[in-house]
Student: 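Can you read through this structure? Questions will come right after.
If you read the sequence from its start, that first residue is 1, and numbering goes on from there. Counting starts at 1 for both ligands and their atoms, following the listed order. The shown structure was predicted, so the numbers you read here are calculated from the model rather than taken from an experiment.
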Amino acid sequence: MNKLVINYGINPKEMTKEALEALLDPRQVRGKAKIGIKPNLIKDVPSESGATTSPEIVAGIIEYLLDYGCQNIVVLESSAIGHDTDRAFYACGYKDLESKYAVKLLNLKDDKVTEVRAAGMKLTICKSVLDLDYLINVPVLKAHCQTKLTCALKNLKGCIPDSEKRRFHSQGLHRPIAALNVAIKTDLVVVDGMCGDLTFEEGGNPVPMNRIMVGYDPVLIDAYGAELIGLNPHSIKYITLAEEYGVGSTDVDKAEIIELGHRQAGQPILASPLAHRLSSYIDARSACSVCYGSLIHALARLQDEGLLKALSKKNLKIKIGQGFRNKKEEGIGVGNCTAGIRHNLPGCPPKAKDIVEYIRNELCKININ
Ligand code: SF4
């Protein structure tokens, strides 16, 4: 069965190791001649920006691999067009990993390339990626200005030269991304769901979500991740195409989801101006950051649909948090803690996609005028 491990918490390195222990049999990695770790270092900004993979998560993966005797570990990346990968390695904290664990950092912008055919397309791919015996894809779960979502499937775009990235854009991104995932087999995905961006892949509106996700199937991971940030996976064409090409399955309901860790009360500190504005629609009392982050993502999607005006007109705030436990009140509440609120969406934490659908339906019932 397709398995997904979700670990909630605030210590990404330890959470990563726990999630790997829960999913992997060490024999899957032991003896692999060359293991590649592909983070998302789109540009030279730290992970707190919401744009790049936390080095703590990669440190957790490296420590897991070293514990099981893996030796030849390389961290590979080609940052976005116009961005210098070596600067990104430095600014994102990866140079420290290189010295601490003696792993190799490989700037794929300097790599040789190979042409391959996949899903009816000719693709140009960095050779070092194809030479790996085991590929660990370590994306950030975040929104994307063109494709709505970027997570596991799209992260492999950092495995092609800049000229090919330009060609992908000219072809609308979706089909080439799906085909790229046929050409490059991901063996394991570890998602940085600690702090992704609300609207844009290069960061600027980070929202703490405090979770790590680990699984084998990049399609399943992307489908689950889309729902977490309030999107319908089937509205993202490259996910549907990747499923059609046999890369994996979007059937989240059939997957075995193992949840670890704790939902900790402690409202996140919002560095994002947009998230700040959206928080004015929330009545939070001791909300966990995983729950609060889901609600912020849901409100961003509702704002895109123009539905937040309805909340303003009715002076409605969405109730959330452990402080509402055992309270009976009027209004709309999300999460199990607000079960006593008259209109309640259960879940601990609920996904943003479910919150979007629930609030949209509730607003339809309200006479807005
Ligand atoms: S439902 Fe309550 S306990 Fe569960 S994540 Fe939300 S705030 Fe935390």
Student: Suppose I only count heavy atoms of G347 and a 4.0 Å limit; which atoms of ligand 1 are within that range?
Tutor: 1 (S)
Student: Would you call E63 and K13 a salt bridge, taking side-chain N to carboxylate O under 4.0 Å as the test?
Tutor: yes
Student: Which residue pairs pass the salt bridge (charged side-chain N to carboxylate O under 4.0 Å, His left out) test with at least one member in residues 176-198, sequence neighbours excluded?
Tutor: K185-D187
Student: When you compare the side chain of R301 with that of I229, does any pair of heavy atoms fall below 4.5 Å?
Tutor: yes
Student: Check each of L295, N336, L345 against atom 1 (S) of ligand 1 and report the one with the nearest heavy atom.
Tutor: N336
Student: At a 4.0 Å threshold, what atoms of ligand 1 neighbour a non-hydrogen atom of R325?
Tutor: 3 (S)
Student: For G323 versus S286, what's the shortest heavy-atom pair and its separation?
Tutor: N-CB, 3.9 Å
Student: Using 2.8 Å as the threshold, say whether any N, O or S atom from C288 sits that close to atom 8 (Fe) of ligand 1.
Tutor: yes
